[in-house]
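Remember, it's a predicted structure, so these values are computed and weren't measured experimentally.
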Amino acid sequence: GWRTRFWPWLGLVLLCYELHVLADYLTWGRGVMLFWPFTPERFTPPVYLFYGLHWSDGLVSIRHLWTVLSELGFAALLLAVLELYSRRRERGVVSRSSSS
């Protein structure tokens, strides 16, 4: 029924929300209220991974190129790490099954 499908979807929605907050935290700017509504304090990371959009520059701006490049670079790095992990795991599975 719908109850068995509810929990995986809720988990996916919560994961997407948390990843969005994490991405905002790692983006250059004024910080993120990580513990709102308990405190209005904004937190910033020691190192920024993303440049972010500056809407005050308008819809089309050369500075938006840095946003696209930083996010594409991060996605490429993440995909490369996942690919390496996948290949190492495949080799590990093959070597274990052939040694039995």
Name each donor-acceptor pair under 3.5 Å that joins a side chain in residues 27-44 to protein atoms two or more places apart or in another chain, with its distance.
from  : atom 1 : to    : atom 2 : distance (Å)
Thr27 : OG1    : Ala23 : O      : 2.6
Thr39 : OG1    : Glu41 : N      : 3.3
Arg42 : NH1    : Gly31 : O      : 3.0

Side chain to side chain contact (heavy atoms under 4.5 Å, CB included) filter on Leu14, not counting sequence neighbours, yields Leu10
Sorted by chain and number, sequence neighbours left out, side chain to side chain contact (heavy atoms under 4.5 Å, CB included) with Leu82 holds for Leu78
Besides Leu84, the hydrophobic cluster formed by Ile, Leu, Val, Met, Phe, Trp and Tyr side chains linked at under 4.5 Å, directly or via other members, contains none
Practice task
Only pairs at least two apart or in different chains count here, so list each salt bridge (charged side-chain N to carboxylate O under 4.0 Å, His left out) that has a residue in residues 4-13.
Solution key: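 Qualifying pairs: none.
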Salt bridge (charged side-chain N to carboxylate O under 4.0 Å, His left out) pairs touching residues 75-85, sequence neighbours excluded, are Glu83-Arg87
- Task: Could you grab the distance from atom CG of Leu26 to atom CZ of Phe74, nearest 0.5 Å is fine?
- Result: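 Rounded to the nearest 0.5 Å, the CG-CZ separation comes out at 7.5 Å.
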Q: Any pair with a residue in residues 8-17 that passes side chain to side chain donor-acceptor pair (under 3.5 Å), sequence neighbours left out, goes on the list, sorted by first then second residue, please.
A: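 Qualifying pairs, neighbours excluded: none.
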Side chain to side chain donor-acceptor pair (under 3.5 Å) pairs touching residues 69-82, sequence neighbours excluded, are none
Table please: side-chain donor-acceptor pairs of residues 49-65 below 3.5 Å, with sequence neighbours left out.
from  : atom 1 : to    : atom 2 : distance (Å)
His54 : ND1    : Arg63 : NH2    : 3.1
Asp57 : OD2    : Arg63 : NE     : 2.8
Asp57 : OD2    : Arg63 : NH2    : 3.4
Ser61 : OG     : Arg63 : N      : 3.1
His64 : NE2    : Gly58 : O      : 3.0

Next item on the list: Tell me, please, which residues at least two apart from Glu18 pass salt bridge (Lys or Arg N to Asp or Glu O under 4.0 Å).
Entry: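 Counting only residues at least two positions away or on another chain, Glu18 forms no salt bridge (Lys or Arg N to Asp or Glu O under 4.0 Å).
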